[in-house]
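What follows is a short report on a single structure.
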Protein chains: 2
Amino acid sequence: MKAYLLQMLKELALLGAINNRVEISSLELANQLETSQQTASRYVLELDKLDLITREMGIKKQLIQITENGADILKEEYMQYKHIFELPQKIRFDGHLVSGMGEGTYYLAQKGYINQFHHHCGFKPFPGTLNVKIPQIEKNKLRLIKKFPGLEIEEFETTNRTFGAVKCFNATVNETECVLVLPARGHYSKILEFISPDNLRKKLDIKDGDPVHIIINIEKQIE
Amino acid sequence: MKAYLLQMLKELALLGAINNRVEISSLELANQLETSQQTASRYVLELDKLDLITREMGIKKQLIQITENGADILKEEYMQYKHIFELPQKIRFDGHLVSGMGEGTYYLAQKGYINQFHHHCGFKPFPGTLNVKIPQIEKNKLRLIKKFPGLEIEEFETTNRTFGAVKCFNATVNETECVLVLPARGHYSKILEFISPDNLRKKLDIKDGDPVHIIINIEKQIE
DNA sequence: ATTACTAAGTTACGAGTAA
DNA sequence: TTTACTCGTAACTTAGTAA
């Protein structure tokens, strides 16, 4: 997202456009942003196109309201600032247990991962990940987590293929300590994968669909 | 300030550059910001020129630290987001009493102001403002206050000159209710002016140099 | 490896203006 | 009054490089 559009979105939020439609002309917006009416108008059109705001044409002025997508972007921004100025905090997710397709087992059978996990985390992971699906709305938290260094497990190659780098964060699932593993690059999945020396599914005594509460510690690194 | 520079400044803050020098190459910054190495390099130069960061050239990479000016800008941004998502909050200042140059008395002798104050605030202001000097570091709070609508007293003209619009906010000075008056446009002064139906200086029993504690209510409008 | 210059390409801006 | 188009110009970006 372009930085200048974020600026405008924030301005609209300050004017109360998150929970209400706000009646504001492009000229008024231009004055707030110290730009021209034309540019403000263009920004509004761009935000609309990106589905970050909705517009209706009022009798004279336009009525603008920020969409959920738009509010999500601002929330993420807010969380970033919070992390800059507030004490390091934990990030919470509510999700529910799902079955992996066995990929976890496949990956955790790779020596390249096992050895690095053992070296950095001090345990040999149970062969298989605990998979938790998180709601779409939490995706901004995920993006935030990825901004933090965590503990990086380097990529490696076998004779067959390359295994990408992953990032690890200390976490708890239903108050039980374990380690979140995220791909270091690439896209966001709605499935979080956790590893542990134990069989987490048994230890937690949970089955598919059960709600789980996750806390990710983004500050303290493993070891 | 340009929106894209703010973005970079925030990125540096997330990397811990507010309280420490951070060793980071322009290429690494470029990857974080999803732009080119050249652009990241240019941003760094611009931020340095604006005195928002300091730089040293390390053995290979540059060492970057955010200056107080830079941190102030980020803090203000943070406060804006806070106001978007948190419950309306009051803004506090600590300052000390100073003498006006008699301008307050002059302005408050103008019918154009008196009538509008009376109409909107329900009282005839005591002829003279209470002037409080606030520290330089609080200037970002002032900028934030100005983002809120408050109650606007319109500009008016006399035969001699034009008197600019002002914004009013409910406030307390040492727990005594009064009204903050700020010029609606133009620059920030380090002197806050308060009006009240009473002679505040007598009512509060304070003299020049005495510390005063101010709370500004940016949400609730007068009447 | 770095940083950062130049030059050319791309995008954004806003005056003028229509609807 | 509005919103938003066109289009000339200003600003920003980046490939190619030098140091």
Side-chain angles (χ1 to χ4, degrees), chain A residues 1-12 15-17 20-67 70 73 149 152 154-155 165, chain B residues 1-12 15-17 20-67 70 73 152 154-155 165 185:
Chain A
M1 162 172 213
K2 288 163 188 165
Y4 58 81
L5 289 182
L6 177 65
Q7 210 173 28
M8 174 125 188
L9 199 61
K10 188 195 70 184
E11 207 62 52
L12 287 166
L15 292 164
N20 310 284
R21 290 182 310 175
V22 164
E23 187 177 356
I24 187 150
S25 74
S26 51
L27 185 59
E28 289 170 303
L29 280 170
N31 291 335
Q32 288 280 333
L33 293 173
E34 303 190 323
T35 185
S36 67
Q37 175 273 322
Q38 293 91 330
T39 294
S41 174
R42 194 159 32 80
Y43 286 2
V44 168
L45 293 175
E46 288 183 55
L47 287 171
D48 194 11
K49 205 162 192 172
L50 291 168
D51 195 32
L52 303 178
I53 62 169
T54 58
R55 307 171 66 213
E56 289 171 64
M57 296 309 287
I59 177 68
K60 297 210 94 178
K61 299 176 184 177
Q62 57 196 343
L63 295 162
I64 297 179
Q65 179 156 6
I66 294 173
T67 63
I73 286 177
E152 191 153 332
E154 289 162 26
E155 65 166 30
Chain B
M1 159 170 219
K2 286 163 189 167
Y4 57 80
L5 289 182
L6 177 64
Q7 208 173 29
M8 173 124 188
L9 199 61
K10 187 195 70 185
E11 207 62 53
L12 287 166
L15 293 164
N20 310 286
R21 289 182 311 174
V22 164
E23 186 175 357
I24 186 150
S25 74
S26 51
L27 185 60
E28 289 170 302
L29 280 172
N31 291 335
Q32 288 280 332
L33 293 173
E34 302 190 324
T35 185
S36 67
Q37 174 273 323
Q38 293 90 331
T39 294
S41 174
R42 192 160 35 79
Y43 286 3
V44 168
L45 293 175
E46 288 182 55
L47 286 170
D48 194 11
K49 205 164 193 173
L50 291 168
D51 194 32
L52 302 178
I53 62 169
T54 58
R55 307 171 66 213
E56 290 170 64
M57 295 311 286
I59 176 68
K60 296 208 95 177
K61 298 176 184 178
Q62 57 197 339
L63 295 163
I64 298 180
Q65 179 157 7
I66 294 173
T67 63
I73 285 176
E152 191 153 333
E154 291 163 23
E155 64 167 29
R185 341 228 174 268

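Per chain, numbering begins at 1; letters A, B, ... match sequence-line order.
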Requested in this report: Please work out if A:Q37 contacts a base, only the sugar-phosphate, or nothing of the nucleic acid, heavy-atom cut-off 4.0 Å.
Outcome: base

**Report entry** Gap between atom CD of B:Q32 and atom CG of B:L15 - 0.5 Å precision
**Finding:** 5.5 Å

Report summary line: side-chain hydrogen bond (donor to acceptor under 3.5 Å, both in side chains) pairs touching residues 3-12 of chain A, sequence neighbours excluded, are A:K10-B:E77, A:K10-B:Q80, A:E11-B:K147

Requested in this report: Indicate yes or no: does B:R185 engage B:E152 in a salt bridge with an N to O separation below 4.0 Å.
Outcome: yes

Report task. Could you check whether B:L45 gets within reach of a base, just the sugar-phosphate, or nothing at all, counting any heavy atom under 4.0 Å? Result -> sugar-phosphate

Requested in this report: Check side-chain contact (heavy atoms from CB on, under 4.5 Å) between B:D51 and all other residues, then give those that pass, not counting sequence neighbours.
Outcome: B:T67, B:N69

Report task. List for me each residue that meets side chain to side chain donor-acceptor pair (under 3.5 Å) alongside A:S26, sequence neighbours excluded, and say none if there are none. Result -> A:Q37

Query raised in the report: When you check every protein heavy atom under 4.0 Å of nucleotides 9-15 of chain C, what one-letter string (B, S, -) results, 5' to 3'?
Result: ---SBBB

Requested in this report: Could you pull out all residues at least two apart from B:E56 that satisfy salt bridge (Lys or Arg N to Asp or Glu O under 4.0 Å)?
Outcome: B:R21

Report task. Extract, from 5' to 3' on DNA chain D, the first and final nucleotides lying under 4.0 angstrom from some heavy atom of chain A. Result -> D:dT1 to D:dC5

**Report entry** Helical bend (five base pairs per end, nearest 10°) for the helix from C:dT2-D:dA19 to C:dA19-D:dT2
**Finding:** 40°

**Report entry** side chain to side chain contact (heavy atoms under 4.5 Å, CB included) evaluation trace for A:Q65 with A:V22
**Finding:** CA-CA 6 Å; A:Q65 179 156 6; A:V22 164; over 6 Å; no

Query - Counterpart residues, side-chain contact (heavy atoms from CB on, under 4.5 Å), relative to A:D48 (two or more places apart) - result: A:I53, A:R55

Report task. Using heavy atoms and a sub-4.0 Å distance, could you list which residues of residues 50-58 of chain B are near DNA chain C? By number, please. Result -> B:R55, B:M57

Query - Gap separating the NZ atom of B:K2 from the CG atom of B:L5, nearest 0.5 angstrom - result: 6.5 Å

Report task. Would you please name every residue forming a side-chain contact (heavy atoms from CB on, under 4.5 Å) with A:Q38, sequence neighbours left out? Result -> A:S36

Query raised in the report: Are A:T54 and A:I64 close enough that some pair of their side-chain heavy atoms sits under 4.5 Å apart?
Result: no

Report summary line: By salt bridge (Lys or Arg N to Asp or Glu O under 4.0 Å), A:E28 pairs with (sequence neighbours left out) A:K61

Report task. Name the nucleic acid region contacted by A:S41, choosing base, sugar-phosphate or nothing; use a 4.0 angstrom heavy-atom cut-off, strictly under. Result -> base

Query raised in the report: Mind checking what makes side-chain contact (heavy atoms from CB on, under 4.5 Å) contact with B:E155, not counting sequence neighbours?
Result: B:T162, B:A165

